[in-house]
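See structure below.
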Amino acid sequence: RAERKIELHQIGSIWVQQGAVGRALNIGRVGMQLINDEVVWGPVIAHPIRAKRAIAVAVSRRTASN
């Protein structure tokens, strides 16, 4: 298992990848494009849309406070 720390200010965009089975089971992966154009994928998780929203809120709060 690998871990990586990504600062909120490094995230440029975020999305969810789910196939038909993933949508039915509510599992998928969260992808992020960093401001240096690197693409980072998370592992397969349950409730990926909820995770994406949480990350997006954290990023927007970070940028609003600066």
Side-chain angles (χ1 to χ4, degrees):
R1 177 174 157 169
E3 291 183 23
R4 178 174 175 188
K5 181 179 178 181
I6 298 173
E7 301 288 334
L8 292 174
H9 69 273
Q10 294 178 296
I11 300 172
S13 61
I14 184 168
W15 63 90
V16 170
Q17 181 183 50
Q18 288 181 301
V21 174
R23 282 189 296 278
L25 298 175
N26 200 12
I27 60 173
R29 297 176 75 188
V30 176
M32 293 175 275
Q33 184 168 13
L34 307 182
I35 57 174
N36 67 0
D37 288 333
E38 180 182 2
V39 174
V40 178
W41 287 100
V44 174
I45 59 172
H47 311 288
I49 294 172
R50 188 183 307 166
K52 175 194 175 258
R53 285 185 193 138
I55 295 167
V57 166
V59 169
S60 67
R61 286 184 182 159
R62 165 87 167 112
T63 56
S65 67
N66 285 337

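- Among residue pairs with one or both ends in residues 23-36, none qualify as salt bridge (charged side-chain N to carboxylate O under 4.0 Å, His left out); sequence neighbours excluded.
- Evaluation of the salt bridge (charged side-chain N to carboxylate O under 4.0 Å, His left out) test over residues 7-19, restricted to residues two or more places apart or in two chains, returns K5-E7.
- Residue V44 shares its hydrophobic cluster (ILVMFWY side chains chained together at separations under 4.5 Å) with V21, L25, I27.
- The hydrophobic cluster containing V39, built from Ile/Leu/Val/Met/Phe/Trp/Tyr side-chain heavy atoms closer than 4.5 Å, also comprises W15, W41.
- The minimum heavy-atom distance linking G28 with P48 is given by the pair N-CG, 3.6 Å.
- Residues I35 and L8 fall into different hydrophobic clusters, defined by Ile, Leu, Val, Met, Phe, Trp and Tyr side chains chained together at heavy-atom separations under 4.5 Å.
- Contacts classified as salt bridge (charged side-chain N to carboxylate O under 4.0 Å, His left out) and involving residues 30-59 (residues at least two apart or in different chains) are given here: R4-E38.
- With contacts defined as side-chain heavy-atom distances shorter than 4.5 Å, the pair N36/Q10 does not qualify.
- Both V40 and V59 belong to a single network of hydrophobic side chains, linked directly or stepwise wherever heavy atoms of I, L, V, M, F, W or Y lie under 4.5 Å apart.
- Hydrophobic clustering, defined by side-chain heavy atoms of Ile, Leu, Val, Met, Phe, Trp and Tyr closer than 4.5 Å, leaves V57 isolated from every other such residue.
- Side-chain contact between I49 and Q18 is present, with at least one heavy-atom pair separated by less than 4.5 Å.
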